[in-house]
A.B. asks: 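Structure incoming, see below.
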Amino acid sequence: MPLQKEDVEKIAHLARISLSEQDIPVYTHHLSDILIFVEQMNSVDTTGITPMAHPLDAVARLRPDIVSESNQRDHFQTIAPQVEEGLYLVPKVIE
Amino acid sequence: MHNKTLTELRKALHQREYSSVELTRHFLERIERYGIQLNSFITVTTDIALAQAQIADKCLQSGNAGPLTGIPLTHKDIFCTNGVKTSCGSKMLDNFIAPYNATVVEKCQAAGMVMLGKTNMDEFAMGSSNETSFYGPVKNPWDTQTVPGGSSGGSTASVAAHLTPVATGTDTGGSIRQPAAFCGLTGLKPTYGLVSRYGMIAFASSLDQGGPIGHSAEDIALLLNVMAGFDKRDSTSLEHPQENYTTHLNDSIKGLKIGLPKEYFGEGLDAQVGKQLDVAIKELENAGATLHDIQLPHTYLAVPTYYIIAPAECSSNLSRFDGVRFGHRCDNPQDLMDLYKRSRAEGFGAEVKRRIMIGTYALSAGYYDAYYLKAQQIRRLISNDFTEAFKQVDMIAGPTTPTTAFKMGEKIDDPVTMYLNDIYTNAINLAGLPALSVPAGFVNQHPIGLHLIGNYLKESRLLNVAHQYQQCTDWHKATPPNFV
């Protein structure tokens, strides 16, 4: 298998997803299957091919730098898990 | 009332045969009767629907009505609806009341349409069977043992069972066309950028595209008239002049060159589906189209390429769900890392986690070139195949799916087998082309879809061909026996 238990633990950490001990073998198996499947991509030589990021090769549209939105902080914070005086609360980061 | 086309409904509303409130109540009653059995709704918006219907009736009475004023529809639960739960089929957003409307929702409302509710879907639109929804699987009205397809399965099951005349959906790799095929409906994925993505919860931003689902080409052309259009709030919205997609429905298709890619009719296609498809293509020939053999040599790489690009973009897009600003938050986080990790572990289902992790891996240091860059290069090759094909033909025809709807539970434990179901649809999103699925008959009482692919911005021609096909066939008029 292309991935080992340690690889999956590292990927899960990078993705900020906690996995239980019992989940890890299942994910190792499924993610490995997917990686084996996408190996087919190596059957074609892509030297010199320009990568395609956007279907119509469009570039970002520019707009004048003027304020277009009103401040709706209170409205948007009504759906936040925990706020205080307009701030989002998270566990203490700096001791 | 529930078996009428949009044009018939419009006529009835304008001639006061019934009011929009009466029409809306009729569909709400059907939703009450059949909705739970099919599990096709996440939220039914009864009060909003009746209020919108009353406004529509006033417009109809005062002569200020547009073509779709007073006609009900449903939105896939991926479109943000102001003040209404917008879950995207996920526990992560089970408590999310959207604070604004998606442009598509806004446009439908401005057109006087009536929102009946929000339909069930695969979690974050990641799935081909509607089995990954936090709210449970949707059933296919044609055979409740089978899946309706995904990810817009709630939308297609609802339209097929006549719980709504039309519905919105989204298509990142086939999520409108595949469930439309499985449920015997007409569904269109427009050219990338034609329909605004503003307020449409992002899965893979360079592939996602909203579109209409209905019984006939004419119905979805009318809905596309409302949905399409430039939106300055979507950075990839196309600055394309507004079209009327019904104008050319009745044009002749005489002389239309249809390409048949040999890669679409080979190994992997169910023999009975292939046979039925040949009949459908023959109908197009009888209507005046000419058939041409073409090649799309990189077809076999579409699914592997898609399953790197889509997860890569998803891993980036879904990083916003962090338990801080909105959505699910775990209880008693020990520290910030614990808050992120447990909120995401609890909020996301297995398929979403798999795709986030594949994407994270493909984008991580040391693997980026081998996976993501490689996939973007192959994406170009796939797109070039279509460019070459459209030098020879006007349109491409093939199957929408390799088989009819499969049994519930059959593929859910094997991700790669599930992904292969998207073999004919993924490439279209990678290239950004428009394509639609039209009902083209049945195999063992299960609907099949004819897939028509057009060149960029050829929606009008696609709808024209589909409409002409529907003038000589009546597959799109079939109703599942238990939902008459």
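Chain letters run A, B, ... following the sequence lines, proteins first and then strands; every chain starts at 1.
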A.B. asks: Do the side-chain N and O atoms of A:Ser18 and B:Tyr340 include a donor-acceptor pair separated by under 3.5 angstrom?
C.D. replies: no
A.B. asks: For residues B:Tyr361 and A:Leu31, determine if any side-chain heavy atom of one lies less than 4.5 Å from a side-chain heavy atom of the other.
C.D. replies: no
A.B. asks: Please flag which part of A:His29 lies under 4.5 Å from any non-hydrogen atom of chain B: side chain, backbone, both or neither.
C.D. replies: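 Neither; nothing under 4.5 Å.
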A.B. asks: Between B:Arg354 and A:Ile34 (side chain of the first, backbone of the second, donor and acceptor by atom type, cut-off under 3.5 Å), is there such a pair?
C.D. replies: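 No, the answer is negative, given that no donor and acceptor are paired below the 3.5 Å cut-off.
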A.B. asks: Would you sort out whether B:Arg329 and A:Gln82 count as a side chain to side chain contact (heavy atoms under 4.5 Å, CB included), showing the intermediate values?
C.D. replies: CA-CA 9 Å; B:Arg329 177 181 223 167; A:Gln82 223 184 339; 3.0 Å; yes
A.B. asks: Counting only non-hydrogen atoms closer than 4.5 Å, does A:Val44 touch chain B with its backbone (N, CA, C, O), its side chain (CB onward), both, or neither?
C.D. replies: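 Contact with chain B: backbone and side chain both.
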A.B. asks: Could you tell me which portion of A:Tyr27 (side chain, backbone, both or neither) has an atom closer than 4.5 angstrom to a non-hydrogen atom of chain B?
C.D. replies: side chain
A.B. asks: Does the separation of the ring centres of B:Tyr192 and A:His54 fall below 6.0 angstrom?
C.D. replies: yes
A.B. asks: Does a side-chain heavy-atom distance below 4.5 Å link B:Pro99 with A:Gln72?
C.D. replies: no
A.B. asks: Measure the shortest side-chain to side-chain distance between B:Thr305 and A:Met41 over non-hydrogen atoms and say whether it is less than 4.5 angstrom.
C.D. replies: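 When only atoms from C-beta onward are counted, A:Met41 and B:Thr305 do touch, with a gap below 4.5 Å.
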A.B. asks: Heavy-atom count check: over 12 atoms from other residues, nucleotides or ligands less than 6.0 Å from B:Lys458 NZ?
C.D. replies: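 Counting other residues, nucleotides and ligands, NZ of B:Lys458 stays at 12 neighbours or fewer.
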A.B. asks: Under 3.5 Å, side chain of A:Arg61 to main-chain N/O of B:Asp234, donor-acceptor pair present?
C.D. replies: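 Side chain of A:Arg61 to backbone of B:Asp234: a pair is present.
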